[in-house]
Amino acid sequence: QVQFVESGGGLVQPGGSLRLSCVSSGFAMGYFAVGWIRQAPGKERELISCIGHRGGSPYYSDSVKDRFVMSRDNPANTAYLQMNRLKPEDTAVYYCARAYIAGYSGSLFDISDFDSWGQGTQVTVSS
């Protein structure tokens, strides 16, 4: 059974940092791209970062570029999202998910390419 378990969310003040973790099971993560997607209250889901199955340079959305850093550890079946200089508008539920396109090893995916979402972890940025 394909499964993702996200953790590391919580309440943080503006300007603070959090590190999210995503542990996968039930499949070989090394064959899939992994992405972080967030959904704020009343808003559409937003793909904020993704790394292709071979690693390489991650994709970042404009909303998080230069503040968030994504990494992955294939042997540990784990992906991470280091979030720095957090803003109130970063408040959302953060999910990880996988994507696969045959013959493609890059980090550019559409949110519709992702499946097998985790339950998410809540991040709240507030003073």
Side-chain angles (χ1 to χ4, degrees):
Q1 180 182 359
V2 175
Q3 190 173 15
F4 286 98
V5 178
E6 302 93 341
S7 63
L11 173 64
V12 63
Q13 292 186 343
S17 298
L18 283 174
R19 189 190 194 209
L20 305 185
S21 298
C22 167
V23 179
S24 67
S25 60
F27 71 103
M29 196 179 85
Y31 290 99
F32 291 81
V34 178
W36 285 97
I37 299 102
R38 69 184 181 186
Q39 187 165 26
K43 294 189 176 181
E44 298 286 325
R45 284 180 171 178
E46 177 189 14
L47 174 62
I48 58 170
S49 187
C50 177
I51 298 181
H53 70 279
R54 294 182 180 177
S57 297
Y59 157 81
Y60 297 103
S61 66
D62 288 342
S63 59
V64 306
K65 195 173 183 179
D66 298 326
R67 298 187 298 123
F68 291 10
V69 178
M70 182 178 179
S71 59
R72 62 186 292 167
D73 181 349
N74 287 345
N77 291 319
T78 303
Y80 303 95
L81 186 68
Q82 176 67 42
M83 306 188 296
N84 303 315
R85 292 184 282 130
L86 284 160
K87 304 175 181 180
E89 50 264 45
D90 294 318
T91 295
V93 179
Y94 285 70
Y95 303 88
C96 59
R98 68 177 190 177
Y100 176 78
I101 297 176
Y104 179 66
S105 60
S107 298
L108 297 179
F109 288 83
D110 186 82
I111 195 168
S112 63
D113 294 323
F114 289 87
D115 67 7
S116 303
W117 301 69
Q119 293 300 305
T121 185
Q122 175 70 47
V123 172
T124 302
V125 185
S126 175
S127 55

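All figures in this text were calculated on a predicted structure; none of them were measured in a lab. Along the sequence shown, the residues carry numbers beginning at 1.
Atoms OG and CD, from Ser49 and Gln82 in turn, are 12.0 Å apart once rounded to the nearest 0.5 Å. Atoms CD1 and CG, on Ile48 and Asp90 in that order, are 8.0 Å from each other to the nearest 0.5 Å. The CD atom of Gln119 sits 13.5 Å away from the OG atom of Ser7 when rounded to the nearest 0.5 Å. Between the CZ atom of Phe68 and the CE atom of Met83 there is a distance of 5.0 Å, given to the nearest 0.5 Å. Put simply, CG on Leu20 and CZ on Arg38 are 11.0 Å apart, with the number rounded to the nearest 0.5 Å. In this structure, CG in Leu11 is found 9.5 Å from OG in Ser127, a value given to the nearest 0.5 Å.
Glu46 is listed as a side-chain neighbour of Ser63, based on a closest heavy-atom distance under 4.5 Å. Within the 4.5 Å cutoff, the side chain of Phe114 has no heavy atoms near those of the Arg45 side chain. Within the 4.5 Å cutoff, the side chain of Thr78 has heavy atoms near those of the Val23 side chain. Within the 4.5 Å cutoff, the side chain of Arg19 has heavy atoms near those of the Tyr80 side chain. Between Ser107 and Ser57 the shortest side-chain heavy-atom distance does not fall below 4.5 Å. No side-chain heavy atom of Val93 sits less than 4.5 Å from a side-chain heavy atom of Glu6.
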- Message: Show, in sequence, the C-alpha distance, side-chain angles and deciding distance for Tyr104 and Phe109, and conclude whether the ring pair (Phe, Tyr, Trp, His ring centres under 6.0 Å) test is met.
- Response: CA-CA 10 Å; Tyr104 179 66; Phe109 288 83; 5.3 Å; yes

- Query: Which is it for Cys22 and Trp36 under the side-chain contact (heavy atoms from CB on, under 4.5 Å) test, yes or no, and what are the steps along the way?
  - Reply: CA-CA 9 Å; Cys22 167; Trp36 285 97; 3.6 Å; yes

- Task: Go through the steps to decide whether Val125 and Val12 satisfy the test side-chain contact (heavy atoms from CB on, under 4.5 Å), and finish with yes or no.
- Result: CA-CA 5 Å; Val125 185; Val12 63; 3.9 Å; yes

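Val69 and Leu86 fall within a single hydrophobic cluster, where Ile, Leu, Val, Met, Phe, Trp and Tyr side chains are chained together by heavy-atom contacts under 4.5 Å. In the hydrophobic clustering of ILVMFWY residues, with side-chain heavy atoms under 4.5 Å counting as a link, Ile111 and Ile101 come out together. Two different hydrophobic clusters hold Val123 and Ile37 under the rule that ILVMFWY side chains link at heavy-atom gaps under 4.5 Å. By the rule that hydrophobic residues join a cluster once side-chain heavy atoms approach within less than 4.5 Å of another member, Tyr59 and Ile51 end up as members of separate clusters. Under the 4.5 Å side-chain contact rule for hydrophobic residues, Val2 and Trp117 do not share a cluster.
Considering every non-hydrogen atom in both Ser61 and Leu47, the closest pair reads CB-O, 3.7 Å. For Arg54 against Ser105, the heavy-atom pair with the smallest separation is CD-CB, 3.9 Å. The shortest heavy-atom contact between Gln39 and Tyr95 is CB-CE1, 4.3 Å.
A distance-only check finds no donor-acceptor pair linking the side chain of Thr124 to the backbone of Thr91 [under 3.5 Å]. When atom types are taken as modelled, the side chain of Tyr60 and the backbone of Met70 share a donor-acceptor pair closer than 3.5 angstrom. Between the side chain of Arg72 and the main chain of Gly52, a donor-acceptor pair closer than 3.5 Å is present.
The aromatic ring centroids of Phe4 and Phe27 lie less than 6.0 Å from each other.
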